[in-house]
Amino acid sequence: MVDRGTPLICDIKQNSLDDGPGIRTVIFFKGCPLSCSWCQNPEAKEMADQLVVQASKCIECKDCIDCPPEAILKGPPVQVDRARCDLCFRCIDACPAGVFKHAGTPADIEAIVKLARENAVFYRTSGGGITLSGGEPLLFPRFVLALVRRLRAEGISVVMETCGAVRLSPDVLAILPHLALIYYDVKLADPAAHQQHCGAGNALVLENLKVLVEGGTVLLPDSKDALDFKKHAYDKPLLVPRIPLVPGITDVPENLSGIASALKGLGVKLIDVLPYNPLWVDKAMALGSPAHDAVRGWMSADQLARAREALAGFRFERFK
Ligand code: SF4
Ligand code: SF4
């Protein structure tokens, strides 16, 4: 696997109760091999830095107008012509109102460990810890391995949220024993629908899931050598497949039963669902992606109940 060195982090969320057991600090890595149309963290899709423009903060002082390629358009509201912007980021310092910001900052292992130490008492009393999310943390396996080793040496529990669309490799495998839990997203059962909505087919996601559930053999992408997971004894983290519920796309009964059948076939017992969150739309707009077709409301209780009903017959245990 290609390791991309030091990743960018697009956010650190403190005191989360939604990203694993207990109180957790969530680290969002920037960069993802998929590009889901409903991505809750659109700033985490691209690996490279981007300019975030929060136009509603603009106080119309015009201090930013001195933009070398004249990409900043007079408001109100202030706008950026993304085709002209060369990402010099000078507007960040020029604006007194904080309208502009970087979408990511370089990850720093020591800074994350320091934060974890400061929160250790909350983790201990709640059964929480650090959750690695994104984007896709496994795009940076060497960095993540170094990070999880440091966190485990501090006695911190580590959870990972993954889209599963990453080639398994010895570097990725080395991370697994350090994880308490993996949330493994399974979004669409139909390969063509997965291609349409996520930018790639689902074969790698399902193949990796099978290997992680059953143990087995994968062919490394850059060599003819097979990697036998059964020979690499490791403490398996708890693996919880998770279905993001997106109205009209992933929450339709045919998709839910297709995913549930595949998971049952693998012997999966525990699953989780992730109800749709529309707050990503404003974040996408701040990156210059208007998200015209987005579902803008929260899921209703009825929609959620229908999705749960479609899964109920498969008799999974729900992971809490
Ligand atoms: S990043 Fe540079 S080019 Fe882009 S809008 Fe800001 S000042 Fe202009
Ligand atoms: S410097 Fe900031 S607050 Fe002033 S006009 Fe530009 S975007 Fe608006």
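Start at 1 and go down the list; that is how both ligands and their atoms are numbered. Sequence positions, counted from 1, serve as the residue numbers for this chain.
His197 and Trp38 have tilted rings, their planes meeting at an angle from 30° to 60° on a 0 to 90° scale.
The single protein non-hydrogen atom nearest to atom 4 (Fe) of ligand 2 is Cys61 SG, 2.2 Å, given as residue, atom name and distance. Nearest protein neighbour of atom 3 (S) of ligand 1, counting heavy atoms only, is Asp86 OD1, 3.2 Å.
Every atom of ligand 2 is numbered from 1 in the order shown, and the set under 4.0 Å from a heavy atom of Lys62 is 4 (Fe), 5 (S).
Between Glu317 and Lys269, no side-chain nitrogen of the basic residue sits less than 4.0 Å from a carboxylate oxygen of the acidic one, so the salt-bridge criterion is not met. We find that Glu110 and Lys114 are not joined by a salt bridge, their nearest charged nitrogen and carboxylate oxygen being 4.0 Å or further apart. For Glu154 and Arg117, the salt-bridge test passes: some basic side-chain N is under 4.0 Å from an acidic carboxylate O.
Just one of His178, Arg149, Arg152 meets the side chain to side chain contact (heavy atoms under 4.5 Å, CB included) condition when paired with Val158; it is Arg152. Partner of Arg24 under the side chain to side chain donor-acceptor pair (under 3.5 Å) criterion, chosen from Asp18, Asn119, Thr131: Thr131.
Rounding to the nearest 0.5 angstrom, the gap separating the CD1 atom in Ile23 from the CD atom in Gln14 is 11.0 Å.
Contact annotation: for Val99 versus ligand 2, heavy atoms closer than 4.0 Å belong to the side chain alone.
Legend: protein N/O/S atoms lying under 2.8 Å from atom 6 (Fe) of ligand 1, waters omitted, number 1.
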